[in-house]
Amino acid sequence: MTLTYIYLSIILLSFVASLRSFRQGFSSHLRFFSVLLGLTFLVELSADLTVRVLHWKNNYWIYHLFTLVEFLAYGYYYYQIIRLKRARQLLIGFMAIFPVFWMITVFFIFGWSKWNSYVIIVGSFFTVLFVLMYYYQLLVARDIAPLRGMAEFWIATGMLIFYMAALPFYGTLNFLLTYHRDVARTLYKVLLIIDTLMYAIFIYGYLCRTISIKRS
């Protein structure tokens, strides 16, 4: 329970830190990502309250709805910051096909009460791919600002750390819940720590951008 409180607190702090993007004239994609952080906090808080306060046995439907929004938002965010032609074509293709894939898996395969591992696997895989494409863009760029003060770089780094871990865990979650519940609980706690680390990196990304602007 304490770990969950820490996790929710860090998400909230990342959202609060990101609000500086509106006051200090950050790029539109950083303001867009700030809105996503706020929505993430509301979703995670709602999911926690439905189980802890309302005593619902299953809150998967909340995550099913949010994964559609979340991964599409990731695609749009990277479409805003990636300028490589083929990468942008891939991003457009992902945003067009992913909702169809989501509907098929939710309505015809898993339903609302079972964990949708297909959506998480595909969404996590493409998120990692988007991060790698962004890294490649940085590598081939002629001129690049210092990474220390680049919020986009830290956001991408945090996402890479988490989704590299999320891929194997969520991909096997249904199996673990059926045959190895204790292992699933332990691994979930580890993943929650990594997830918390991701949002902590987001905080640093927005704050270091703020510091960089002030210094300039």
Side-chain angles (χ1 to χ4, degrees), residues 1-21 26 29-49 51-52 59 62-63 66-67 69-71 73-75 77-78 81 115 117 119-136 138 146-173 176 182-212:
M1 190 65 68
T2 301
L3 185 57
T4 301
Y5 289 149
I6 294 174
Y7 170 66
L8 289 172
S9 298
I10 295 298
I11 298 177
L12 179 59
L13 287 174
S14 69
F15 172 59
V16 172
S18 72
L19 290 176
R20 293 189 174 189
S21 62
F26 287 11
H29 56 267
L30 291 176
R31 298 196 297 270
F32 172 79
F33 200 81
S34 173
V35 174
L36 179 61
L37 289 175
L39 179 60
T40 302
F41 173 73
L42 292 177
V43 168
E44 293 289 2
L45 181 63
S46 300
D48 179 64
L49 291 177
V51 173
R52 186 166 52 85
N59 61 2
I62 297 176
Y63 290 109
F66 183 58
T67 52
V69 176
E70 181 182 36
F71 288 121
Y74 288 168
Y77 168 78
Y78 280 103
I81 65 175
W115 185 256
S117 58
V119 164
I120 297 296
I121 291 172
V122 171
S124 299
F125 172 80
F126 275 96
T127 300
V128 171
L129 183 60
F130 300 157
V131 171
L132 295 178
M133 291 190 302
Y134 171 69
Y135 281 167
Y136 177 75
L138 294 179
L147 298 180
R148 183 178 60 182
M150 188 179 296
E152 296 86 350
F153 170 78
W154 292 108
I155 290 173
T157 300
M159 293 173 72
L160 181 65
I161 293 172
F162 173 71
Y163 284 103
M164 285 291 288
L167 263 171
F169 174 76
Y170 285 127
T172 59
L173 183 58
L176 292 174
D182 291 338
V183 175
R185 292 191 186 98
T186 301
L187 291 178
Y188 174 74
K189 291 179 181 178
V190 174
L191 190 69
L192 196 60
I193 293 172
I194 299 174
D195 203 2
T196 303
L197 174 62
M198 177 181 73
Y199 288 103
I201 294 174
F202 291 170
I203 294 173
Y204 176 79
Y206 276 98
L207 293 182
C208 78
R209 174 65 179 268
T210 303
I211 294 171
S212 176

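- Using cut-offs of 30° and 60° for the angle between ring planes, the Tyr77 and Phe33 rings count as tilted.
- With Trp115 contributing its side chain and Gly171 its backbone, the two residues share no donor-acceptor pair below 3.5 Å.
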May I have the step-by-step check of side-chain contact (heavy atoms from CB on, under 4.5 Å) for Val128 and Met159, ending in yes or no? CA-CA 7 Å; Val128 171; Met159 293 173 72; over 6 Å; no
Using the rule given for ring-ring contact (aromatic ring centres under 6.0 Å, His included), can you reason through Phe41 versus Tyr7, listing the C-alpha separation, both sets of side-chain angles and the distance that settles it, and then say yes or no? CA-CA 10 Å; Phe41 173 73; Tyr7 170 66; 9.7 Å; no
Give the C-alpha distance, both sets of side-chain angles, the deciding distance and a yes or no for side-chain contact (heavy atoms from CB on, under 4.5 Å) between Arg20 and Tyr206. CA-CA 8 Å; Arg20 293 189 174 189; Tyr206 276 98; over 6 Å; no
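- Taking the side chain as every heavy atom from C-beta outward, Ser34 and Leu19 approach each other to under 4.5 Å.
- Between Phe162 and Tyr170, the angle of the ring planes goes over 60°, which puts this pair in the perpendicular group of the 30/60° scheme.
- Aromatic rings of Phe66 and Tyr63 (six-membered ring for Trp) have centroids beyond the 6.0 Å cut-off, not under it.
- When all heavy atoms of Ile203 and Ser14 are compared, the pair lying nearest together is CG1-CA, 3.3 Å.
- Distance check: Leu207 CG to Leu13 CG gives 9.5 Å after rounding to the nearest 0.5 Å.
- The two residues His29 and Glu152 have their closest heavy-atom pair at NE2-OE2, 2.6 Å.
- A 4.5 Å side-chain heavy-atom check between Phe15 and Thr40 finds every atom pair outside the cut-off.
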Check the pair Tyr204, Arg148 against side-chain contact (heavy atoms from CB on, under 4.5 Å), reporting the backbone distance first and the verdict last. CA-CA 10 Å; Tyr204 176 79; Arg148 183 178 60 182; 3.8 Å; yes
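- Of all the heavy atoms in Trp154 and Leu147, the pair that sits closest is NE1-O, 3.1 Å.
- When side chains are defined from C-beta on, Leu187 does not count as touching Leu191, because their heavy atoms never get closer than 4.5 Å.
- Counting heavy atoms of neighbouring residues, nucleotides and ligands inside a 6.0 Å radius, atom CZ of Phe32 exceeds 12 of them.
- Of the options Thr4, Ile11, Leu12, a side-chain contact (heavy atoms from CB on, under 4.5 Å) to Glu44 is made by Ile11 and by none of the others.
- Contact detail for Ala184 and Leu176: the closest heavy-atom pair is CB-CB, 3.8 Å.
- Sorted by first and then second residue, the pairs that involve residues 183-192 and meet salt bridge (charged side-chain N to carboxylate O under 4.0 Å, His left out), not counting sequence neighbours, are Asp182-Arg185.
- The nearest pair of heavy atoms linking Ser21 to Leu30 is OG-O, 3.9 Å.
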Before giving the answer on side-chain contact (heavy atoms from CB on, under 4.5 Å), spell out for Ile10 and Ile6 the whole-Å C-alpha distance, their side-chain angles and the decisive distance to 0.1 Å. CA-CA 6 Å; Ile10 295 298; Ile6 294 174; 4.3 Å; yes
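- Heavy atoms of other residues, nucleotides or ligands lying less than 6.0 angstrom from OH of Tyr188 number 12 at most.
- For the residue pair Met198 and Gly158, the shortest heavy atom distance occurs at CG-O, 3.2 Å.
- Under the 3.5 Å distance criterion, the side-chain polar atoms of Thr172 are matched with a main-chain donor or acceptor of Phe169.
- Phe126 and Phe130 have tilted rings, their planes meeting at an angle from 30° to 60° on a 0 to 90° scale.
- With a 4.5 Å cut-off on side-chain heavy atoms, Phe26 and Ser18 do not count as touching.
- Shown here are the ring-ring contact (aromatic ring centres under 6.0 Å, His included) partners of Tyr135, two or more places apart in sequence or in another chain: Phe153.
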